[in-house]
Amino acid sequence: MSVTIQYFFNSPKDPEELGRDINNCLGCSLAPYEGDPEDLFDRFLSMEFTLQIADEYVNDKELDLENFGYYLDFRTPVGDADARAIQVPAMLMVIFALHRCFGITGILVFDVQILLARYEERAISGYGKRLYDLVSDTVFLSFPAHLNAIGARLPDKWRKTFMEMPS
């Protein structure tokens, strides 16, 4: 079974330009998958990393997916299950970097089913503009604290895989 973490967001740029910007910001190499310029793919941080147009999704409860034009996806298939330990932290680093580089905000979703975070930009006294998660009602200032807030929303079945250290 593969597991995915998605970040849905908007950008006025076309997929090719957005892909170049993301590559420059993150140091990755998103490129057309099987020649499709609207499906950019890379193996990044040992996981399948994709940028796609988000036109196939419909809203479902708190997931207002139709409001977003793009999504990034980290996918770990069964053969790469050991990379799941970094899947959520890696996506949080991507989210932080994209906000820092381009002011991008959006929603973080587990397996296109569970809303983990909904980010907006807020002015935080002493810090300037920062990401604010409306779901956990927290500012993304401390990486460990924010990771714990996200981990609390993961399904019990997956929380241990993503968040707990082996004993």
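Worth knowing before you read on, the calculation uses all heavy atoms, side chains too, and leaves out hydrogens, waters and symmetry mates.
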### Query
To the nearest 0.5 Å, what is the distance between CD1 (I86) and CG (D82)?
9.0 Å

### Message
Test: salt bridge (Lys or Arg N to Asp or Glu O under 4.0 Å). Region: residues 130-152. Which pairs qualify, not counting sequence neighbours?
### Response
none

### Message
If I take atom CD1 from residue I22 and atom CD from residue E17, how far apart are they, to the nearest 0.5 angstrom?
### Response
11.0 Å

#### Entry: Sequence neighbours excluded - ring pair (Phe, Tyr, Trp, His ring centres under 6.0 Å) pairs with any residue from residues 77-104
F96-F140

## Note on the structure
Rounded to the nearest 0.5 Å, the CD1 atom of I5 sits from the CG atom of L154 at a distance of 6.5 Å

#### Entry: Pairs flagged by side chain to side chain donor-acceptor pair (under 3.5 Å) wherever residues 111-120 is involved - sequence neighbours left out
T4-D111, D64-R118, Y119-H146, E120-R122

### Message
Can you give me the closest heavy-atom contact between A83 and S46, atom names plus distance?
### Response
CB-OG, 3.7 Å

### Task
List in chain and number order the residues that pass salt bridge (charged side-chain N to carboxylate O under 4.0 Å, His left out) with E66, two or more places apart in sequence or in another chain; answer none if no residue qualifies.
none

#### Entry: All salt bridge (charged side-chain N to carboxylate O under 4.0 Å, His left out) counterparts of D21, not counting sequence neighbours
K13

### Message
Tell me whether L108 shares a hydrophobic cluster with V3, the cluster being built from Ile, Leu, Val, Met, Phe, Trp, Tyr side chains joined at under 4.5 Å.
### Response
yes

### Query
Hey, is the main chain of F74 close enough, under 3.5 Å, to the side chain of Q87 for a donor-acceptor pair?
yes

### Query
Looking at F143 and P89, what are the two nearest heavy atoms and their distance?
CZ-O, 3.7 Å

### Summary
Between C28 and N23, the two heavy atoms sitting closest are SG-OD1, 3.2 Å

#### Entry: Minimum heavy-atom distance S2-P77, with the two atoms named
CB-CA, 3.7 Å

### Task
Would you kindly confirm whether L98 and I107 end up in one hydrophobic cluster when ILVMFWY residues are joined by side chain heavy atoms under 4.5 Å apart?
no

### Query
Do you reckon L116 sits in the same ILVMFWY cluster as L147, going by side-chain contacts under 4.5 Å, direct or chained?
yes

## Note on the structure
Between the CG atom in L40 and the CG atom in L30, the distance rounded to the nearest 0.5 Å is 5.5 Å

#### Entry: From L26 atom CG to C101 atom SG, the distance as rounded to the nearest 0.5 Å
7.0 Å

### Query
Aromatic ring centroids of F68 and F9 under 6.0 Å?
no

### Query
Same hydrophobic cluster for I104 and L72, using side-chain heavy-atom links shorter than 4.5 Å among ILVMFWY?
yes

### Query
Between the side chain of Q6 and the main-chain N/O of V112, is any donor-acceptor distance below 3.5 Å?
yes

### Task
Please determine which of Q52, R75, E48, E34 meets the side-chain contact (heavy atoms from CB on, under 4.5 Å) test together with F41.
E48

#### Entry: Whether Y7 side chain and M91 backbone form a donor-acceptor pair below 3.5 Å
no

### I53/Y70 under side-chain contact (heavy atoms from CB on, under 4.5 Å): CA gap, chis, key distance, verdict
CA-CA 4 Å; I53 293 174; Y70 291 100; 3.9 Å; yes

### Gap separating the CD atom of E121 from the OG1 atom of T105, nearest 0.5 angstrom
7.5 Å

### Task
Identify the heavy atoms of L18 and S11 that sit nearest to each other, and give their distance.
CD1-OG, 3.7 Å

### Non-neighbouring partners of E62 that pass salt bridge (charged side-chain N to carboxylate O under 4.0 Å, His left out), sequence neighbours left out
R153

#### Entry: Cluster check V135, L65: I/L/V/M/F/W/Y, side chain < 4.5 angstrom
yes

